[in-house]
Chemist: 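Structure in structure tokens, see below.
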Amino acid sequence: MSWFADDMPRPVPHMDDAAFWEGCAERRLLFQHCAGCSTARHPPTPICPVCRSSATQWREAPAHAEVYTYTVIHYAAHAAVKDRLPYVAAVVSFAGLSGVRLVTNLTDCDPGRVRIGMPVRLWWDDIGDGQYLPRFAPLEREASS
Amino acid sequence: MTVVRGARSRCCIVGIGQSEYTRWGGIKDRSQFQVTAEAILSALDDAGLRPEDVDGLSSFSNDSNEANLMQVALGIPKLRLASMVWSGAGGGTCGSISLACSAIESGRADVVVAYRGLCQGQGKRFGRHGQGRVNGNFVDPFGLMAPPQMLAMIVQRFMHLYPITAEHLAEVALNARANANRNPFAVMHDRALTREDYFAARWIAEPLRLYDCCLETDGAAAVVITSAARARDARSRPVEILSAVQGSGPGWGSGALSGHNMPDADYASTNCRALAAELFGSAGLTPGDIDVAQIYDHFSGMVLMALEDLGFCGKGESGAFVASGALRWPDGELPINTSGGQLSEAYVHGMNLVVEGVRQMRGTSTSQVADAKTCLVTGGLGVAPSSAMILGRNG
Ligand SMILES: [Zn+2]
């Protein structure tokens, strides 16, 4: 059972972002980096905006992140989210990975408790056919102890 | 530099036209294409021109009312400019007009119609999931599927960084409705909105409640642009385009509409700071010179950000600015969205704001700002590229 209903839109990889989704299929959160100057970028683009190299490396992100911003969504823009309402869509950032933010969901958390800066941990949601999606849950007591 | 640019002969808007505005699904008797063509004819009539005089068509946001089909429908004998500007959603409103000015100034066209037709009842509702979004892979599977949800992210961070509250968002919505209540063509003309109604309404995507979000409507709007020399013969009072610019800061890409990887310093912004410098510089004006403004109000919080990014108040000060009554017609420091805007008049991707800007400069708004000589209009905000312009009263 995936976190949203089975008819939720799935990623449809194309040539520029396929490596990201292949990483997810292996439950590895890989972000594109420039092989020349190491600048990280997301969503993937074919050329480094800093040094214009097209040589890329895919490096794994830390499993912990923090909430950069979020929204609690109260209506169904698509039938597949109906049973999850209200749910939290969040933008998370990673320590040591500047220039990269990821749109994801914050799960296992009362929407009223979400805060910007909140520490969160990665978990992998099995959406079937060998594809996994990165979603996050509160780091809970581990963070405050 | 500014003196030279400010001294050149400027283009004018000589005609405005619009369809009726209704809730989405309200226009059932004609196609979106017909409604758009009629809005163009109405704008030409207002200018005292005929389709035979038109040699340029300009739009934005992948308007589906294609120029080549419009040429046939209207019987335009010779088209010299058929252009669509790149834009994040409504970001191109004033960009389509900026392009028209460039074409006219360079001699590539003489009379250009900038238009937008958008009947959400005949296409898709913008509040719902839409197929084919650029970089949609990075938002759709996470349930971030529509603009109110996407822009709510930016507003949330804006309210986290600065002293902005729900009361301030409410003021933007209440101002729009009060103005719409004076505008008989506004979709919400007959519907009052109180502070209590605002707070009692359902959440859409926190921190945005129902009345923080623009309407989903059917309608079309068009404006006719020509040279200052030719504008002298117009039937209606010409309105000068003092400046019209389009652009984006670095790193926005699909921005809030998917990637959310804009630079940290620009994240909680409208992407209009760089654009504002060129906008005012090109017109030889400062924010203090602006008498009235039409600020793209897809979402209330974006209007607050725009007041800061355009320099009407300092960073983080927009809440206090609007709480002072600054937006309110007739006596506020900067009355805005005097037709009701997209929160309460109609959502024509900003083209209705352009039409209202022209009315203010002609002295014909239903919330007319006395002696207004300048009106700032923006295109869609928090997207890339965005656009804006300053209109001036002629004489
Ligand atoms: Zn590089």
Chemist: Mind ranking A:V12, A:T45, A:L102, A:L133 by heavy-atom pairs under 4.5 Å with chain B and telling me who comes out on top?
Modeler: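 Of the options given, most contacts go to A:V12.
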Chemist: Pick whichever of B:E206, B:H160, B:M262, B:R202 has the most heavy-atom pairs under 4.5 Å with chain A.
Modeler: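 Option with the greatest count: B:E206.
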Chemist: Which one of B:Q131, B:R125, B:H260, B:M150 has the most heavy-atom pairs closer than 4.5 Å to chain A?
Modeler: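 Greatest number of close heavy-atom pairs with chain A: B:H260.
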Chemist: For A:P49, which atoms come within 4.5 Å of any heavy atom of chain B: side chain, backbone, both, or neither?
Modeler: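 Neither part; nothing is under 4.5 Å.
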Chemist: So which residue, B:G136, B:A152, B:G143, B:S258, ends up with the most heavy-atom pairs under 4.5 Å with chain A?
Modeler: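 Most pairs with chain A among the choices: B:G143.
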Chemist: Counting only heavy atoms not in B:R273, do more than 12 fall under 6.0 Å of its CZ?
Modeler: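 Yes.
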Chemist: What is the distance from atom CG of B:L144 to atom CD1 of A:I73, rounded to the nearest 0.5 Å?
Modeler: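 Taking CG in B:L144 and CD1 in A:I73, the distance rounds to 5.5 Å.
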Chemist: Quick one: sort the B:W203 and A:H74 rings into parallel, tilted or perpendicular, breaks at 30° and 60°.
Modeler: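 If you compare the ring of B:W203 with that of A:H74, the planes turn out parallel.
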Chemist: Tell me, for A:F20 versus chain B, whether the close heavy atoms (under 4.5 Å) come from the side chain, the backbone, both or neither.
Modeler: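 Interface part for A:F20: side chain.
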Chemist: For chain A, which candidate among B:I154, B:I204, B:N137 shows the most heavy-atom pairs at distances under 4.5 Å?
Modeler: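 Sorted descending by pairs with chain A, the first entry is B:N137.
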Chemist: Looking at side-chain heavy atoms only, is the closest gap between B:H129 and A:M8 below 4.5 Å?
Modeler: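 In short, these two side chains do not touch, never coming nearer than 4.5 Å.
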Chemist: In terms of heavy-atom pairs under 4.5 Å, which option from B:V139, B:D140, B:D264, B:V155 contacts chain A the most?
Modeler: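 The candidate making the most pairs under 4.5 Å is B:D264.
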Chemist: In this structure, are over 12 heavy atoms from other groups packed under 6.0 Å from B:K124 atom NZ?
Modeler: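 Result for NZ/B:K124: enclosed.
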Chemist: Is the CD1 atom of A:I47 crowded by more than 12 outside heavy atoms at less than 6.0 Å?
Modeler: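 No, CD1 of A:I47 has 12 or fewer neighbouring heavy atoms, counting only those of other groups under 6.0 Å.
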Chemist: Out of B:Q149, B:M145, B:R128, return the one with the most heavy atom pairs under 4.5 angstrom to chain A.
Modeler: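 Going by pairs under 4.5 Å, I would pick B:Q149.
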Chemist: So for B:P148, is it side chain, backbone, both, or neither that comes closer than 4.5 Å to the heavy atoms of chain A?
Modeler: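 When you check distances to chain A, only side chain atoms of B:P148 fall under 4.5 Å.
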Chemist: Can you confirm whether A:D83 is buried at CG, in the sense that more than 12 heavy atoms of other residues, nucleotides or ligands lie under 6.0 Å from that atom?
Modeler: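 No, because the 6.0 Å sphere around CG of A:D83 holds 12 heavy atoms or fewer from other groups.
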Chemist: What's the shortest heavy-atom distance between A:Y75 and B:G127, and which atoms?
Modeler: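 Closest approach of A:Y75 to B:G127, heavy atoms only: OH-O, 2.5 Å.
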Chemist: Heavy-atom distances under 4.5 Å only: say whether A:W3 touches chain B with side chain, backbone, both or neither.
Modeler: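 Interface part for A:W3: neither.
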Chemist: Is any side-chain heavy atom of B:R157 less than 4.5 Å from a side-chain heavy atom of A:I116?
Modeler: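 Side-chain contact under 4.5 Å: yes.
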Chemist: Select one option (side chain, backbone, both, neither) describing which atoms of A:P111 are under 4.5 Å from chain B's heavy atoms.
Modeler: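 It is neither, since no heavy atom gets under 4.5 Å.
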Chemist: Can you tell which part of A:R101 gets under 4.5 Å to a heavy atom of chain B, answering side chain, backbone, both or neither?
Modeler: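 Answer is both: backbone and side chain atoms of A:R101 are under 4.5 Å from chain B.
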Chemist: For a quick test of reading the model, state the closest non-hydrogen atom pair linking B:Y267 to A:V91 and the distance between them.
Modeler: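 Nearest heavy atoms, B:Y267 then A:V91: OH-CG2, 4.0 Å.
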Chemist: Checking B:N261 against chain A: side chain, backbone, both or neither under 4.5 Å from a heavy atom?
Modeler: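 Contact with chain A is through both the backbone and side chain of B:N261.
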Chemist: Taking B:F142 as the fixed residue, which of A:N105, A:V88, A:D125, A:V81 is the one that meets the side-chain contact (heavy atoms from CB on, under 4.5 Å) rule?
Modeler: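 Option passing the side-chain contact (heavy atoms from CB on, under 4.5 Å) with B:F142: A:N105.
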Chemist: Which atoms of A:R115 come close to chain B, meaning under 4.5 Å heavy atom to heavy atom: side chain ones, backbone ones, both, or neither?
Modeler: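 No part of A:R115 comes within 4.5 Å of chain B.
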Chemist: Please rank A:S98, A:A80, A:P86, A:P134 by heavy-atom pairs under 4.5 Å with chain B and give me the top one.
Modeler: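 Max contact count across the listed options: A:P134.
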Chemist: Which heavy atom of A:V103 sits nearest to which heavy atom of B:F138, and what is that distance?
Modeler: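 Scanning both residues completely, I find the closest heavy atoms to be CB-O, 3.4 Å.
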